[in-house]
Amino acid sequence: MSKKNQNTLQRIWSFYISGFRNMSGWGRQVWLIILIKLFIMFAILKVFFFPNFLKTNFETDRERSDYVLEILTKPKE
């Protein structure tokens, strides 16, 4: 990584860190709610509503890849 890109990344990082440090109590509560909602969406809902279809219906990676290839290349009716 070049020195200019590294400097840019450091500036972006410090921008966000200073923003979070100077945030009001209301802003922190909003971010807490956002993080809780993201956790619920990605951790809890995935487990209950989005099971691993390929893992449960096919035994080998070859069978999974063949199924995916078949679905992707099947012409629309």
Side-chain angles (χ1 to χ4, degrees):
M1 189 179 314
S2 70
K3 191 146 183 112
K4 183 176 181 177
N5 287 343
Q6 189 176 19
N7 187 25
T8 303
L9 291 176
Q10 287 176 342
R11 288 176 47 209
I12 292 171
W13 178 256
S14 65
F15 173 77
Y16 279 102
I17 292 297
S18 66
F20 284 119
R21 284 187 183 149
N22 298 326
M23 190 179 298
S24 66
W26 181 83
R28 290 177 193 212
Q29 289 175 349
V30 171
W31 272 107
L32 180 64
I33 292 169
I34 290 169
L35 293 175
I36 290 170
K37 286 174 76 172
L38 286 172
F39 174 76
I40 290 170
M41 285 189 325
F42 289 108
I44 296 174
L45 291 179
K46 183 185 182 311
V47 171
F48 292 111
F49 295 107
F50 304 107
N52 193 342
F53 174 78
L54 293 176
K55 192 70 115 176
T56 57
N57 293 331
F58 301 101
E59 305 237 345
T60 65
D61 287 339
R62 181 72 183 171
E63 290 175 345
R64 292 179 195 116
S65 65
D66 288 342
Y67 175 76
V68 171
L69 183 63
E70 179 185 333
I71 293 300
L72 289 175
T73 58
K74 183 169 58 170
K76 292 186 178 182
E77 296 174 0

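Bear in mind that the values here come from a model prediction, so they are computed numbers and not experimental data. Just so you know, residue 1 is the first one in the sequence shown, and it goes up from there.
Leu72 and Leu69 fall into different hydrophobic clusters, where Ile, Leu, Val, Met, Phe, Trp and Tyr residues are linked whenever their side-chain heavy atoms come under 4.5 Å apart, directly or through other members. By the criterion of side-chain heavy atoms lying less than 4.5 angstrom apart, applied directly or through intervening Ile, Leu, Val, Met, Phe, Trp or Tyr residues, Leu38 is grouped together with Met23 in one hydrophobic cluster.
Ring geometry for Trp31 versus Phe20: interplanar angle over 60°, hence perpendicular rather than tilted (30 to 60°). Using cut-offs of 30° and 60° on the angle between ring planes, the pair Phe53 and Tyr67 is tilted.
In terms of the side chain to side chain donor-acceptor pair (under 3.5 Å) criterion, residue partners of Arg64 (sequence neighbours excluded) are, by chain and number, Asp61. Residues forming a side chain to side chain contact (heavy atoms under 4.5 Å, CB included) with Lys37 (at least two apart in sequence, or on another chain): Ile33.
Of the inter-residue distances, the one linking Ile44 atom CD1 with Phe49 atom CZ reads 10.5 Å to the nearest 0.5 angstrom. Rounded to the nearest 0.5 Å, atoms CD1 (Ile17) and CZ (Arg21) are 6.0 Å apart.
A heavy-atom distance below 4.5 Å is found between the side chains of Arg11 and Asn7.
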